[in-house]
Amino acid sequence: MDATTTVQFNPPGRLGDPEMTLATDPRADPRMVAAIEPLGLAGRTNPVPLTPESSLDDIRGLAALGEPGFEQLFDVLLEAVPAVEGVESRAEVVSGVDGNDISLYIHRPTGAAGPLPGILHIHGGGMVILSAAGAVYRRWRDSLAALDMVVVGVEFRNAAGALGCHPFPAALNDCTSALEWMHSHRDQLGVSRLVVSGESGGGNLTLATSLKARREGRLDRIDGVYAQCPYISGAYASPPPELASLHENDGYFIANDTMGYFVEAYDPGAANLTNPLAWPWHAPVDDLVGMPPHAISVNELDPLRDEGLDYFRKLLAAGVPAYSRTVNGTCHAGDLLLPGAMPEVYAASARDLATFAHGL
């Protein structure tokens, strides 16, 4: 290439082509596209039937209607995937700080004596829908337990759907209660190190639980934090330019309009829109000083990618031992939702979390 050659740069995703979809984006893993295209998920997301004038009841109603569809989708994605072997599980009900009952799902290697790393797992769904009892999360906990860990899933109160309607801080309080229970039962569980981990809305609650523990002088409960595709900015109704992926990947599996309405369900009236306990992206660097080791995993084709990476940079600025990883070619949580279509990618993400936990 000589000095007169002009190199043309085509911006990625929607920045370069407003009509681009997951099916046509050259970055997309073809195995992912082949798995989700028959389900109608590789094209443009349809606008939700809501407006900025829609009521909170309308938003909650739409979330409740959509929740069974997501659960059915996950069942379809898992139907041909064999069960994880060598794992046993049980449920336990504990009392939360608000006086409510919280179901915990405990998975461990069959016959393991311990002590083993413990994972407090917090499921996704934007803090608004879905359940820790769902098939995709049961399998993820089994997959982690098979890597010699004790995994506890928390059934927190959602802001809508079957487990709603409980706005902020109900979900955060339940995760805090689960952390306290798991920490106080380390010996009974056979847990050595304790890692808080979750994806999407669970990534939000993972980071918020850690921030709350720091504020309340309880960081000794947490030995490590592993957040996957965290949903943490709350800035989806008016995406800021510095979060380029909200523009670049909007409509790839998830969309800004839906996420904006979920923000309203979780935090009615946006009373906590800049509160880091509700939306951790807003945490100043000073709030992160002294935090335990963190890992932040994001997906290349996720609208949420850049808020996760931005949080990682804040951790580094605060002097926190941290690393990040980007799972290329995948949509939001694509590495966790497609164990059948992309077993190598799924296994790599499980291994990375296990390596993090075992290495603390």
Side-chain angles (χ1 to χ4, degrees), residues 78 82-96 101-124 130-156 171-172 174-199 202-203 205-210 212-213 218-228 291-295 297 335-336 339 346-360:
L78 292 175
V84 178
E85 297 183 353
V87 172
E88 59 189 28
S89 62
R90 64 181 177 89
E92 179 141 357
V93 177
V94 303
S95 181
D101 287 343
I102 305 170
S103 293
L104 302 178
Y105 303 105
I106 304 166
H107 302 239
R108 61 186 310 116
T110 302
L116 300 172
I119 306 293
L120 176 62
H121 180 257
I122 307 174
H123 71 81
L130 304 181
S131 164
V136 69
Y137 301 119
R138 292 198 310 270
R139 182 180 179 82
W140 182 244
R141 294 193 300 269
D142 279 345
S143 298
L144 296 178
L147 297 173
D148 293 323
M149 296 184 289
V150 177
V151 187
V152 177
V154 52
E155 195 71 278
F156 57 84
L172 178 58
D174 290 352
C175 293
T176 296
S177 297
L179 172 66
E180 289 298 308
W181 181 88
M182 193 172 178
H183 172 69
S184 66
H185 289 77
R186 287 189 190 226
D187 290 342
Q188 297 94 318
L189 291 169
V191 164
S192 53
R193 300 166 290 279
L194 198 162
V195 175
V196 183
S197 180
E199 70 288 322
L205 291 168
T206 290
L207 300 176
T209 297
S210 306
K212 184 173 170 65
R218 296 181 294 102
L219 267 183
D220 62 314
R221 276 73 164 165
I222 303 172
D223 299 296
V225 179
Y226 194 108
Q228 296 170 277
M291 281 287 195
H294 276 57
S297 178
D335 53 326
L336 309 181
Y346 181 90
S349 289
R351 270 197 317 273
D352 196 74
L353 200 165
T355 299
F356 175 79
H358 282 279
L360 290 171

How long is the span from the NE2 atom in His107 to the OG atom in Ser89, to the nearest 0.5 Å? 5.0 Å
Test of ring centre spacing under 6.0 Å for Phe156 and His123: yes
Rounded to the nearest 0.5 Å, how far apart are CG of Leu147 and CZ of Arg351? 8.5 Å
As an exercise, state the distance from CD1 of Ile106 to CZ of Arg141, rounded to the nearest 0.5 Å. 10.5 Å
Might you work through the side chain to side chain contact (heavy atoms under 4.5 Å, CB included) test for Arg139 and Val84, ending with a clear yes or no? CA-CA 7 Å; Arg139 182 180 179 82; Val84 178; 3.7 Å; yes
Shortest non-hydrogen separation from Ala178 to Val154 and the atoms involved: CB-CG2, 3.7 Å
Could you give me the CA-CA distance, side-chain angles and deciding distance for Tyr137 and Glu199, then say whether side chain to side chain contact (heavy atoms under 4.5 Å, CB included) is met? CA-CA 10 Å; Tyr137 301 119; Glu199 70 288 322; 2.9 Å; yes
Is any side-chain heavy atom of Leu353 closer than 4.5 Å to one of Ser197? yes
What heavy-atom pair brings Leu130 and Gly124 nearest, and what distance separates the two atoms? CB-O, 3.6 Å
Quick check: closest heavy atoms across Asp335 and Ser349, and the distance to 0.1 Å? OD2-OG, 2.6 Å
Contact summary for Asp223 and Ser192, nearest pair of heavy atoms: OD2-O, 4.1 Å
Can Leu104 and Val93 be said to form a side chain to side chain contact (heavy atoms under 4.5 Å, CB included), step by step? CA-CA 6 Å; Leu104 302 178; Val93 177; over 6 Å; no
How about Val94 and Asp101: do any of their side-chain heavy atoms sit closer than 4.5 Å? no
Looking only at non-hydrogen atoms, find the nearest pair between His358 and Arg193 and report the distance. O-NH2, 3.6 Å
Thinking salt bridges, do Glu92 and Arg90 make one under a 4.0 Å N-O criterion? yes
Between Val150 and Met182, which heavy-atom pair has the shortest distance, and what is it? O-CE, 4.1 Å
With a cut-off of 6.0 Å (strictly less than), are more than 12 heavy atoms of other residues, nucleotides or ligands near CD of Glu85? no
Side chain to side chain contact (heavy atoms under 4.5 Å, CB included) with His183: which of Asp220, Leu120, Leu189? Asp220
So Arg138 and Tyr105, do their side chains get closer than 4.5 Å, heavy atoms only? no
If you round to the nearest 0.5 Å, how far is OG1 of Thr209 from CZ of Arg221? 13.0 Å
Please examine the side chains of Val136 and Leu336, heavy atoms only from C-beta on, and report whether any two atoms are closer than 4.5 Å. no
Do Pro109 and Leu116 make a side-chain contact, defined as non-hydrogen atoms from C-beta onward lying under 4.5 Å apart? yes
How long is the straight-line distance from OH of Tyr226 back to OG1 of Thr355, given to the nearest 0.5 Å? 8.5 Å
Drop me the distance from Ile102's CD1 to Ser177's OG, to the nearest 0.5 angstrom. 4.0 Å
Can you confirm whether Val225 sits close enough to Thr206 that some side-chain heavy atom of one is under 4.5 Å from a side-chain heavy atom of the other? yes
Val191 vs Pro115 side-chain heavy atoms within contact, under 4.5 Å: no
Stepwise side chain to side chain contact (heavy atoms under 4.5 Å, CB included) test for Arg218 and Thr176: CA-CA 10 Å; Arg218 296 181 294 102; Thr176 296; 3.4 Å; yes
Between Tyr346 and Ser143: side-chain donor-acceptor atoms closer than 3.5 Å: yes
Taking the basic N atoms (NZ, or NE/NH1/NH2) and the acidic carboxylate oxygens, is any pair closer than 4.0 Å for Asp142 and Arg108? no
Donor-acceptor check, side chain of Glu155 to backbone of Ala132, threshold 3.5 angstrom: yes or no? yes
